Amino acid sequence: EAQVVESGGGLVQPGGSLRLSCAASGFTFDEYSIGWFRQAPGKEREGVSYTSSGDISAYYAASVKGRFTILSDNAKNTVYLQMNSLKPEDTGVYHCAPVYHGTLVIASSIFDWGPGTQVTVSS
């Protein structure tokens, strides 16, 4: 199956920045895009962003647009999520996953959720 390993989370003050990494294996970015999701305790998992593919533009949730940027390094099979101007409501466990191009729909037949990486925004 596909595998992803998230890293880069940590504790940051409001207004600060973090860069998350998603190292992928078992599939290519031509087959699937990478989506980023986050979940806080007691809340539903939320789609944050997905990578561009061909004529399909990258996606950002309204809550993060203008603050987050997604970047693919195809040669390294790695996707980054640059998070700037972080807010306390950005706190949560961040996961990446293969998604169908232009969607936040998980390619569930090839993927199982991993532990993700914790992002905490607090003063």
Side-chain angles (χ1 to χ4, degrees):
E1 292 187 349
Q3 184 177 33
V4 296
V5 179
E6 302 97 339
S7 62
L11 174 64
V12 65
Q13 294 183 344
S17 297
L18 285 172
R19 189 178 76 163
L20 306 185
S21 297
C22 174
S25 62
F27 66 99
T28 71
F29 296 162
D30 286 337
E31 295 175 303
Y32 303 103
S33 292
I34 288 290
W36 280 99
F37 304 80
R38 66 188 182 188
Q39 186 171 23
K43 296 184 179 179
E44 294 295 314
R45 183 161 49 233
E46 172 189 18
V48 175
S49 181
Y50 60 66
T51 53
S52 63
S53 180
D55 294 334
I56 301 173
S57 299
Y59 165 82
Y60 302 94
S63 58
V64 308
K65 188 173 295 184
R67 300 187 297 118
F68 290 12
T69 303
I70 195 165
L71 175 66
S72 299
D73 187 337
N74 294 342
K76 298 177 67 173
N77 294 322
T78 299
V79 170
Y80 305 96
L81 185 68
Q82 179 66 46
M83 307 186 297
N84 298 326
S85 302
L86 283 162
K87 304 175 180 179
E89 52 262 44
D90 295 317
T91 294
V93 178
Y94 283 69
H95 299 261
C96 62
V99 298
Y100 297 107
H101 295 310
T103 79
L104 288 167
V105 178
I106 306 298
S108 57
S109 64
I110 65 166
F111 176 77
D112 292 316
W113 294 104
T117 186
Q118 176 71 43
V119 171
T120 303
V121 185
S122 176
S123 59

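Sequence positions, counted from 1, serve as the residue numbers for this chain. All values derive from a computational prediction rather than experimental measurement.
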F27/N77 under side-chain contact (heavy atoms from CB on, under 4.5 Å): CA gap, chis, key distance, verdict: CA-CA 9 Å; F27 66 99; N77 294 322; over 6 Å; no
For S52 against A58, the heavy-atom pair lying closest together: CB-N, 3.6 Å
Linked, directly or transitively: V12 and V48 (ILVMFWY side chains, under 4.5 Å): yes
Within-4.5 Å side-chain heavy-atom neighbours: S63 and E46: yes
For R38, the option from D90, V119, V93 that meets side-chain contact (heavy atoms from CB on, under 4.5 Å): D90
Parallel, tilted or perpendicular: rings of Y59 and Y50 (30°, 60°): parallel
Approximate separation, where rounding is to 0.5 Å, of I34 CD1 and S49 OG: 11.0 Å
Same apolar cluster: L11 and L18, side chain cutoff 4.5 Å: no
Point-to-point distance, once rounded to the nearest 0.5 Å, from CZ of R45 to NE2 of H95: 6.5 Å
side-chain contact (heavy atoms from CB on, under 4.5 Å) evaluation trace for H101 with T51: CA-CA 8 Å; H101 295 310; T51 53; over 6 Å; no
side-chain contact (heavy atoms from CB on, under 4.5 Å) assessment of L81 paired with I70: CA-CA 5 Å; L81 185 68; I70 195 165; 4.3 Å; yes
Option passing side-chain contact (heavy atoms from CB on, under 4.5 Å) with Y80 (candidates S72, C22, S21, C96): S21
Heavy-atom side-chain contact between L86 and F68 under 4.5 Å: yes
Shortest non-hydrogen contact between G8 and T117, atoms and distance: N-OG1, 4.0 Å
hydrophobic_cluster_shared for V105 and V4, side chain cutoff 4.5 Å: yes
From CA spacing to verdict: ring-ring contact (aromatic ring centres under 6.0 Å, His included), W113, F37: CA-CA 11 Å; W113 294 104; F37 304 80; 5.5 Å; yes
Atom of V99, atom of G35 and distance for their closest heavy-atom approach: CG2-N, 3.8 Å
Gap between atom CE of M83 and atom CG of L20 - 0.5 Å precision: 3.5 Å
Least distance between heavy atoms, A24 atom then F29 atom: CB-CE2, 3.9 Å
Nearest-0.5 Å distance, CH2 of residue W36 to CG of residue L104: 13.5 Å
Minimal non-hydrogen separation, S123 against P14, with atom names: N-CD, 3.6 Å
